[in-house]
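These notes concern the structure reproduced below.
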Amino acid sequence: MSTFSTAVFNTLIGLCTVFVVLIVISLIISLFKYIPALEMKMKNLTSGSKKKSSEEERKPPQRPVIVEEEPEEEEELVDDGELVAVIMAAIVASSGGAVSADKLVVRSIRRMKRNR
C-alpha cells in the first residue's frame, strides 16, 4: 500500500468512527423520554414497602439560621481624571454653558458629610 492510500484509509476509518459515535449518542438521547416513566415505576415499587416507616421517621424541616453581618464600608476607588471630567461637565451643564470648560480648574476633591 502506498502512503496516499494509507492516509485515505485512516481518514475514512476516523470519519466512520465519528459518525458511529454520533449515532450511538443520538440513540441514547432518544431513550431519555422513557426515563421518567421508569423512575415513577421504581419509586412506586420502593415507596409501597417503606411508606409506613418513612411517615413515622419523618421530622419537620428545620429553618436555617441566618446570621447578618454588617457590611464593611469600602472606599470607591475611581480614577481621578474621570471624576474631574464628571465634575466639570456637571458645572458646565448647571451653568447653562455660560462657563467654558477650558477655564475651570479642579484643585482638590473632598467628600462632604451630609446630615440627613
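- Val86 and Ile91 are not part of a single hydrophobic cluster, where members link through side-chain heavy atoms under 4.5 Å apart.
- Rounding to the nearest 0.5 Å gives a distance of 8.5 Å between CZ of Phe19 and CD1 of Ile23.
- Taking hydrophobic clusters as Ile, Leu, Val, Met, Phe, Trp and Tyr residues chained together by side-chain heavy-atom distances below 4.5 Å, Val24 does not share a cluster with Tyr34.
- With hydrogens and angles ignored, the 3.5 Å screen pairs a side-chain donor or acceptor of Thr6 with a backbone N or O of Ser2.
- Note on Phe32: it does not cluster hydrophobically with Met40, by side-chain heavy-atom contacts below 4.5 Å among ILVMFWY residues.
- Note: Leu38 CG to Leu31 CG = 10.0 Å, rounded to the nearest 0.5 Å.
- If you take OG1 on Thr17 and CG on Leu12, they are separated by 10.5 Å, rounding to the nearest 0.5 Å.
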